[in-house]
Amino acid sequence: MLAGLWLVTATVVRAAPAALAPAAGTPVERINVTARRHDAAPFTQSAETTSLFRDVPGFSAWNTGGTTDLPVLNGMAADRVASFVDGMRLGADCPNEMNPALSLVSPDLMARSSATAGITSVSMGGDSTGGTVSVSRRPPQFARRKDSVLVTGDGRGDWGSNGGRSGASGAFTVATDQLSLRYSGAYAHATDYTAGGSRAPGKGGGRVASTSYLTFNQAVTAGLRHGNHLFDFTFSQQNVPYEAFPNQYMDETNNRTTVVNGHYTGNFDWGVLEARGFWERVIHAMNMLGDKGGHGPAPMGASMGMRAMVGMMPMRAERGMPMNSDGREAGYDLRATVNLSATQVVRLGSAFEHHGLNDWWPAVPGSMMMGPGTWHEINHGRRDHLGNFVQWNAQWSSHFSTEAGLRSDLIMMNTGRVSPYSWNAMGMNGGASDIIAARAFNAARRRRNDSNFDATLLARWEATPFLHLEGGWARKTRSPNFYERYAWGVSSMASRMIGWFGDGNGYVGTLNLKPEVANTFSFTLRFHDPLSSRRWEMEVQPFFTATHNYIDVNRTARLGPGIYRLKFANHRAQSYGLNARGQALLWHSPLMGEGRLSAVLSWVRGQDLTMHSGLYQQMPLNGRLRFEESRGPWSAHAEVTLVKAKKTVDWVRDEPRTPGYALLGLGASYRWHAGRPSTEPPTLQLDVSLENLLNQRYYLPLGGRDLSGGMGNTMTQDGPPPVLAMGRSLNLTLRGHF
């Protein structure tokens, strides 16, 4: 178990799993990490995995589709945050990042999650500047006694009134004391949700188009335990028949992801050895669902985003725009934890990840604009990442500990020749511009190798029984992704197909981009009751990050109202802010039960020092106040969320401003233990919650622009409006365990 803090260094005791208990006299590993690890929140009633981190200060999410929000840590998002699922670093195989790693596993099936901002231990991965997010499935379960058989399982069903959301998940395990076999599956579905506010004309209520989704996840996990050795093997598959995106011109019309993941852990006299090997295949397709015109001939009323994207009115003869990608990832991860003494530990590791990608857009039959040939955006692209690290953790006294680490990362990228729909400018959408761009791209040297290194220094001091001081510095480096370097189309249509930012702009890659290097300084003061941190505690964390060669954009052309063609470029940037949290036990008695009050506050300001603008998609000052009461099998909570108006924006992207808002939510839970001890999972648990109780109408600060044409949106001189958030919703969840 990890008894951790949040976001900044925390001294943690990591005990080996029960199956791998060290021999007598072997020192327990004592390390420093920068994450807060926790079980899934009991009131998490969302199919979106980032909901597990909603109470972590400094964490937010770029709102995209219903199941695929992109994590944000202290204002840094997308590829700047390393995302790990079951120890695998997985990237997106889509120019709009519609299938990020965290979408692969339902939050119901998670056993542990962590979010680490800025100052990240070198053992937690490289090729990132914003931090690390990690989620892990439950490890294999085994029978406690020899010659016995364990049969156990759990399930969950949920329903939400807004958008007709529904979902189910479950897991079933059969195991002996040495062998374990588990099947798990999850399903989530929703139609378009309704925004808050009155449905009267001009009042803002009504359906928010392109917010529906349907997704399935399933996995089989086998485990073998022998002495101090544990092997586990997982075969998993995700199937997304469709997922709509209000802030994209395209929707996900099919996605199938297959993952094979093998893991070994061994405990020895000298320490712990871990080895992992994995393989992933992603087959991904995009087109336009019904709200944007569908796959068939687009009617006169098709969305403004679809018509503006291809620059045509009314597009009766076209049949959407198919876009396909095929991605493969494979790699290994080897690491050893060596006990130098009872107070000092060295961790060594090596990892390799190969990412291959093909991205092509088939011709549309009968189209003069998208044909007669196939558009090749990424042709046999490859991105290989070799990383090695060494990390030294030392506990100098019961009150003072340090961590120092070095990491090297070699990023090797290349791609093949590309082609537009046609080499004849007369019939091609984009005319001669894309032909010229393709020829220049094919003639250029496309191979790029980046040699990056990271370093981390952390320290923690228990100054007094009620004051802990934590702080450190980290140098983090990230190389460009496929599309930042290799997206080559320059026409209005081609460039708008690239971009995971949800802003409607078009993006063009730059071959000569340099890796961005971020230096982060952070300090935390933690005050708590000297007798027990459960009674009261408060933490305050200021941070500052200076980034050299920050990968941002320059304007190159105006494509429409509020819409521009942008080219990736290296700039100078900085981010600074403050995170805080606190909690207090109000009462604890047999008569009144337990009452607790908690609060979270986050503020970040990002600045592009080259363009003198704000960094894109920075969450404004926000906080959450939560009151919880529990007594016996009952528990309940009331929660207030406050978000300030977003006024500091990125003028280069013409990012829209959003007003502030306040939300009220209520929830309750009841647990039936059926004779089980209260420390074990309940036999049944019913959760009920009311989100946005007052049905407030508000825009998502990190939701981008509404390109779906829903809610009666029209193209204005300022471009499409921001995406409206979900209104009032009643949510029910029933869990069972046996």
Side-chain angles (χ1 to χ4, degrees), residues 1-15 27-38 56-59 73-74 112 114-125 131-132 134 271 337-347 389-407 454-476 519-545 576-583 600 602:
M1 295 291 291
L2 286 177
L5 300 178
W6 58 281
L7 295 178
V8 176
T9 335
T11 300
V12 176
V13 176
R14 173 179 290 170
V28 176
E29 177 190 3
R30 191 174 181 87
I31 65 172
N32 290 337
V33 300
T34 55
R36 185 183 182 187
R37 297 176 180 254
H38 49 79
V56 176
F59 183 91
L73 291 171
N74 286 351
R112 199 166 56 182
S114 69
T116 309
I119 301 180
T120 310
S121 300
V122 295
S123 59
M124 299 181 71
T132 300
S134 176
T337 301
V338 182
N339 302 314
L340 299 181
S341 67
T343 60
Q344 298 191 47
V345 171
V346 168
R347 307 189 77 188
F389 72 86
V390 57
Q391 179 176 306
W392 174 39
N393 297 88
Q395 188 76 34
W396 302 102
S397 71
S398 60
H399 301 290
F400 183 70
S401 59
T402 60
E403 175 181 304
L406 291 174
R407 182 183 181 95
D454 296 352
T456 300
L457 291 174
L458 304 170
R460 180 177 186 266
W461 178 39
E462 299 180 15
T464 69
F466 58 85
L467 174 61
H468 293 184
L469 305 177
E470 305 169 355
W473 160 80
R475 181 191 193 272
K476 301 289 292 179
N519 284 275
T520 297
F521 301 87
S522 182
F523 187 78
T524 297
L525 290 88
R526 177 174 177 254
F527 304 90
H528 64 92
D529 187 284
L531 300 178
S532 170
S533 60
R534 275 185 50 81
R535 296 182 61 181
W536 65 267
E537 65 175 336
M538 181 178 67
E539 295 180 7
V540 179
Q541 178 209 53
F543 62 89
F544 173 81
T545 299
Y576 53 90
L578 180 73
N579 295 318
R581 77 177 184 100
Q583 63 90 18
V600 174
S602 300

Pro465 versus His528, closest heavy-atom pair with distance
O-CE1, 3.2 Å
Using only atom types and a distance under 3.5 Å, with no angle test, would you say the side chain of Ser397 pairs donor to acceptor with the backbone of Phe400?
yes
Out of the candidates Val338, Val122, Thr337, only one should pair with Arg347 under the side chain to side chain contact (heavy atoms under 4.5 Å, CB included) rule; please name it.
Thr337
Heavy-atom closest pair, residues Gln541 and Ser522:
NE2-OG, 3.2 Å
Mind checking side-chain contact (heavy atoms from CB on, under 4.5 Å) for Leu578 and listing every partner two or more places apart, or none if nothing turns up?
Val540, Pro542, Trp603
Over all heavy atoms of both residues, which pair between Lys476 and Gly125 is shortest? Give the atoms and the distance, please.
NZ-O, 3.0 Å
Rounded to the nearest 0.5 Å, what's the gap from CZ on Arg407 to CD on Gln391? Could you check?
10.0 Å
side-chain contact (heavy atoms from CB on, under 4.5 Å) between Asn74 and Asn579, intermediate numbers included
CA-CA 9 Å; Asn74 286 351; Asn579 295 318; 3.0 Å; yes
Please determine whether the number of non-hydrogen atoms from other residues, nucleotides or ligands lying under 6.0 Å from atom CZ of Phe466 exceeds 12.
no
When rounded to the nearest 0.5 Å, the distance separating CG of Leu469 from CG of Leu525 is 5.5 Å
Compare every heavy atom of Ala404 with every heavy atom of Leu457, then report the nearest pair and how far apart it is.
CD2-CB, 3.7 Å
Please lay out, stage by stage, how Thr456 and Ile119 fare under the test side-chain contact (heavy atoms from CB on, under 4.5 Å).
CA-CA 7 Å; Thr456 300; Ile119 301 180; 4.1 Å; yes
Checking Val346 now: which residues fulfil side-chain contact (heavy atoms from CB on, under 4.5 Å) with it, not counting sequence neighbours?
Leu340, Leu348, Val390, Trp392
Tell me every residue that passes side-chain hydrogen bond (donor to acceptor under 3.5 Å, both in side chains) with Thr545, counting only those two or more places apart in sequence or in another chain.
Thr520
Taken in chain and number order and not counting sequence neighbours, the residues that satisfy side-chain contact (heavy atoms from CB on, under 4.5 Å) with Phe521 are Trp473, Asn519, Phe544
Of Glu403, Glu470, His399, Gln395, the one forming a side chain to side chain donor-acceptor pair (under 3.5 Å) with Arg460 is Glu470
Considering non-hydrogen atoms only, spot the tightest contact between Gly131 and Thr120 and give its length.
CA-OG1, 3.6 Å
Those residues that, when tested against Trp461, pass ring-ring contact (aromatic ring centres under 6.0 Å, His included) (two or more places apart)
none
